[in-house]
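First listed ligand is number 1; within each ligand, the first listed atom is number 1. The figures here come from the full heavy-atom set of this structure, side chains too, leaving out hydrogens, waters and symmetry mates.
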Amino acid sequence: MAEATAPLKRSHAAGGWGALRSCGKHLMASGAVLTGAKAMLKANQPDGFDCPGCAWGDPEHGSSFEFCENGVKAVAWEATEKRATPAFFAKHTVSELRGWSDYELEGQGRLTEPMAYDRATDRFVPVSWEQAFAGIAKELNGLAHPDEAEFYTSGRASNEAAFLYQLFARVYGTNNFPDCSNMCHEASGVGLIQAIGVGKGTVTLEDFHHADAIIVIGQNPGTNHPRMLGDLRKAAQRGARVAVLNPVRERGLERFSDPQDKIEMIRGGSTSIASHYFQPKLGGDMAAIRGVAKVVFARDAAERAAGRASLLDEAFIAAHTTGLDAWRAEVEATSWGAIEDQSGLTYDEIETLADVYLGAERVIATWAMGVTQHKHSVATVREIANLLFLRGHIGREGAGLCPVRGHSNVQGDRTVGINENPPAWLLDNLEAVYGKAMPRKPGHNVRHAIEAMVEGRSKVFIGLGGNFARATPDTEVVEAALRACRLTVQIATKPNLGHMSVGEVAYLLPCLGRTEIDRNAKKVSQIVTVEDSMSMVHGSGGINKPASPHLKSEVAIICGMAAATVGSAHVDWAAMAEDHDLVRDGIARVIPGFEDYNVRVRRPRGFRLRNPAAERQWDTPSRLAEFSAVPLPVEVEHQAARRTGGQFVLQTFRSHDQYNTTIYGLDDRYRGVYGERRVIFMHADDIAAMGSAPNARVDVVGSADDGRTRRAEDFRLIAYDIPRGCIAGYYPELNAVVPFNKVGDLSDTPLSKSVLVSLAPRAEAAA
Ligand SMILES: Nc1nc2c(c(=O)[nH]1)N[C@H]1C(S)=C(S)[C@@H](COP(=O)(O)OP(=O)(O)OC[C@H]3O[C@@H](n4cnc5c(=O)[nH]c(N)nc54)[C@H](O)[C@@H]3O)O[C@H]1N2
Ligand SMILES: Nc1nc2c(c(=O)[nH]1)N[C@H]1C(S)=C(S)[C@@H](COP(=O)(O)OP(=O)(O)OC[C@H]3O[C@@H](n4cnc5c(=O)[nH]c(N)nc54)[C@H](O)[C@@H]3O)O[C@H]1N2
Ligand SMILES: [Mo]
């Protein structure tokens, strides 16, 4: 049992002075000490820009500067003084650059001019914006059908850019919107829409100040949502319980010194975050939650048999839900043997978690990639919702469901129409407002887009940010698919490795970042808007001078491509490129909830989009919150690995010094790894059982059941506090062993936290 009451032996808490030192280092290394420091003071502030880091919410009250180490890194990364100029591209062929790492490529700094690929010299050469737009239009208009083009979005794009992007692609004629969220929180969206009628979380930041218990599942906020730690810390300090489910002991979840807290910093103190730390096996959360429910049902039956009140919120269940009996029957039919084996937790641990749940008046459940990147993720999200329904922990103060989003505007992009399977109302509204028939056939998500490119059915790839080739599984397959395209277009702030997988025709288009001032031809500064994990929509305006005078905003680039490709009969692209208020007027006319957008978004902290489920209104087929009743998976990967022998289930997660495919540095401070990324975290007994020793080097060998070889070479074994049979290592390096054709049920998300692998000793290690 892993109750975190005993003093922790590790010497340093997360956050604290280490975080401050690290910030200084990153600002210095970016060569942007002054702009970076000035920029930080404006991050997540009413008159500044939205932090390009994570999607955690901003406080609605108070104006204190919210400090976050990884936010500093994200800002410094963008505000760097280094430049990837045409001179740089003249020096290196694209084939040569394909041999570089993302780290080296992004290290060249910000792109400064639009570039086109020149096949004869195998180099990117400067091109005018007009030539680029005309070249893109020519290729798009030359396709046999618009469905041969893929329009990828990475979740940093603003609401305005995303809205125009979907409008452009739909006026052009396709719903092909592969999106980073297909690899991320898709299962949360799908599961929550089924359960509560809206694919978003129901809590506000304020709710965290009232919860008695917060259950944090499959998430590493110390690294990925550092500002969340501040809220968890406040909750812990006022006595709320924080129960963590995570196979790996993550230091940020154990102890945290808040750099915002002067006294804690001076005294060298720290606060325990997790009151309870459970280490399920990978993919074991659904079984763990089911076990909690089994305890709750048993206790409830005993209470009622003794003539006492039910432990369930019977009034809520009767008025607001459907399907409880079927789920209870499933839970009762699931044996403790199955629950313990699949979850990797003991009955006693599960009972302790049930005590936390039953001991709280108000419960919040949060989760991220540890829940969503498995085969049965949608079922797991629904099991979490089931558990909260039992005692009415939704739609009231201090309680609710909280999928913690990834990219800073991934939630907003979806809200404004990035959706390969659009609801009819969206298309109806677009048709009504723009007077143009919209494509009705569902389009491609990431998985479909890869398949279509691999099979030659899709010939154009346009990336609005991101690093498609490196973020997706089976890196080699996807790189080859991009290279087989007729046209690739990448809209980006910095060069990355994915950009070097060029189609026959290719453009690299440099855009303004969120920290930069965006002025139109009349020198009027434009703002954009974003939505955080708590459905708060607010404005973001840059304060830094643009990295180059040739940059255009994402909005202007999309409008330029659109005007050249589909003309301006239905949409006045040129006007919108100049005036973002006009884009917001369009959003307000098409998307419900954005009335008076331009007024409301200029209020301090913006406004909250209505979330019906948070008001206990259920937009589901039954008009009720729906319990789901499905059996546990017959077998999850750690069970399969044990059955076949000699295999492990691998999860691919993030180090402290990275932002997805962007590598800031080679340290993972909280996990004690320095100067390297090719490591595998593994239980000491598993290392010994393999006949190996810590520090030995191995190759990671993935599944070959579809005839492809998958191998990631040369990793160092680290003995770590992680359950047996489960191992961990960093993405994107390990995407080489994640198969693109194995995906989550109903979510199509790659199984990045459930990869069946074996480990082969390296010859050098044996020598
Ligand atoms: N600094 C920084 N911030 C980021 C990002 C970044 O890369 N860097 N990325 C952004 C994005 S796009 C996203 S989606 C989020 C990602 O935020 P996270 O979801 O926190 O990201 P991961 O590093 O993938 O961490 C997954 C965590 O889940 C645990 N886990 C893995 N499998 C399981 C499981 O089966 N069960 C349970 N209970 N736990 C499991 C892992 O041990 C790890 O602690 O962060 C966002 N914020
Ligand atoms: N194995 C494995 N794979 C995973 C995951 C995992 O946990 N394991 N996580 C998945 C998840 S959760 C996600 S969200 C995806 C992320 O997938 P993506 O969103 O595609 O990848 P990023 O690494 O965030 O994209 C980084 C690039 O974005 C560009 N960029 C940065 N800022 C801007 C900007 O302001 N505008 C524009 N236009 N471009 C910009 C830069 O060129 C930079 O190189 O990866 C997924 N892949
Ligand atoms: Mo993500």
If you measure from each non-hydrogen atom of [X] to ligand 2, which part falls under 4.0 Å: side chain, backbone, both or neither?
X      : value
Trp77  : side chain
Ser752 : side chain
Thr661 : both
His185 : neither
Thr652 : both
Tyr152 : side chain
Arg156 : side chain
Arg514 : neither

For [atom], what is the closest protein heavy atom, and at what distance to 0.1 Å?
atom                    : value
atom 34 (C) of ligand 1 : Gly370 O, 3.1 Å
atom 36 (N) of ligand 2 : Glu554 OE2, 2.6 Å
atom 4 (C) of ligand 2  : Tyr731 CE1, 3.1 Å
atom 18 (P) of ligand 1 : Asn224 ND2, 3.4 Å
atom 30 (N) of ligand 2 : Thr493 OG1, 3.4 Å
atom 10 (C) of ligand 1 : Tyr659 OH, 3.5 Å
atom 13 (C) of ligand 1 : Gly406 CA, 3.2 Å
atom 43 (C) of ligand 1 : Glu250 OE2, 3.5 Å

Salt bridge (Lys or Arg N to Asp or Glu O under 4.0 Å) between Glu476 and Arg711: does it pass, once the steps are laid out?
-> CA-CA 11 Å; Glu476 280 181 30; Arg711 198 177 186 100; over 6 Å; no
List the steps and the verdict of side chain to side chain donor-acceptor pair (under 3.5 Å) for Arg671 and Ser655.
-> CA-CA 8 Å; Arg671 299 196 187 106; Ser655 84; over 6 Å; no
For ligand 2, which atoms, with element, lie under 4.0 Å from some heavy atom of [X]?
X      : value
Lys494 : 42 (O)
Glu106 : 43 (C), 44 (O)
Gly465 : 37 (C), 38 (N), 39 (N)
Asn496 : 27 (C), 42 (O), 43 (C), 44 (O)
Cys511 : 36 (N), 37 (C), 38 (N)

Provide the closest heavy-atom pair for [X] versus [Y] in the form atom of the first, atom of the second, distance.
X      : Y      : answer
Leu551 : Cys511 : CD1-O, 3.9 Å
Gln108 : Trp100 : NE2-CZ3, 3.5 Å
Ile273 : Leu253 : CB-O, 3.2 Å
Asn182 : Phe177 : OD1-O, 4.2 Å
Arg249 : Tyr720 : O-OH, 4.0 Å

Determine, step by step, whether Asp657 and Lys73 satisfy the salt bridge (Lys or Arg N to Asp or Glu O under 4.0 Å) criterion, reporting the C-alpha distance in whole Å, the side-chain angles of both residues, the deciding distance to 0.1 Å, and the verdict.
-> CA-CA 8 Å; Asp657 268 4; Lys73 290 182 199 164; 2.7 Å; yes
Out of [options], whose heavy atom sits nearest [atom]?
atom                    : options                        : result
atom 14 (S) of ligand 1 : Ala288, Cys184, Gly71          : Cys184
atom 9 (N) of ligand 2  : Met369, Arg654, Arg470         : Arg654
atom 15 (C) of ligand 1 : His225, His407, His374, Gln373 : His225
atom 39 (N) of ligand 1 : Ser377, Gly283, Pro247         : Pro247

With a 4.0 Å heavy-atom cut-off (strictly under), which part of [X] contacts ligand 1: side chain, backbone, both or neither?
X      : result
Asn220 : both
Asp285 : side chain
Gln651 : side chain

Step by step, work out the salt bridge (Lys or Arg N to Asp or Glu O under 4.0 Å) result for Arg98 and Glu479.
-> CA-CA 10 Å; Arg98 257 208 313 276; Glu479 285 176 346; over 6 Å; no
Between Gly284 and ligand 1, does any nitrogen or oxygen pair lie at a separation below 3.5 Å?
-> no
Can an N or O of Asn660 be found at a distance shorter than 3.5 Å from an N or O of ligand 1?
-> yes
Please confirm whether Arg156 makes a cation-pi placement over Tyr659, using NZ or CZ under 6.0 Å from the six-membered ring centre and within 45° of the ring normal.
-> yes
Ring-face cation contact, Tyr103 with Arg677, 6.0 Å cut, 45° max | no
Do the side chains of Gln651 and Val755 get nearer than 4.5 Å, heavy atoms only?
-> no
Residues Glu78, Arg514: salt bridge by 4.0 Å N-O rule = no
Taking salt bridge (charged side-chain N to carboxylate O under 4.0 Å, His left out) as the test, write out the residues that go with Arg642, two or more places apart.
-> Asp341
Return the set of residues passing salt bridge (charged side-chain N to carboxylate O under 4.0 Å, His left out) with Glu160 (not counting sequence neighbours), or none when no residue passes.
-> Arg584
What I want to know is whether [X] and ligand 2 share at least one N or O pair that is separated by under 3.5 angstrom.
X      : result
Asn467 : yes
Phe468 : no
Met183 : no

Take the angle between the ring planes of [X] and [Y] and call it parallel below 30°, perpendicular above 60°, tilted in between.
X      : Y      : answer
Phe168 : Phe151 : perpendicular
Phe468 : Phe461 : tilted
His276 : Phe278 : parallel

At a 4.0 Å cut-off, with the gap strictly under it, does some heavy atom of Lys753 reach an atom of ligand 2?
-> yes
Mark up the atoms of ligand 1 that fall under 4.0 Å of a heavy atom belonging to Ala368, in ascending order.
-> 19 (O)
Please could you name the atoms of ligand 1 that Leu282 approaches to less than 4.0 Å, counting only its heavy atoms?
-> 31 (C), 32 (N), 33 (C), 35 (O)
Inspect the surroundings of CD in Glu104 and state if more than 12 heavy atoms from other residues, nucleotides or ligands are less than 6.0 Å away.
-> yes
Determine, stepwise, if the pair Trp367 / Thr372 fulfils side chain to side chain donor-acceptor pair (under 3.5 Å).
-> CA-CA 8 Å; Trp367 68 91; Thr372 62; over 6 Å; no
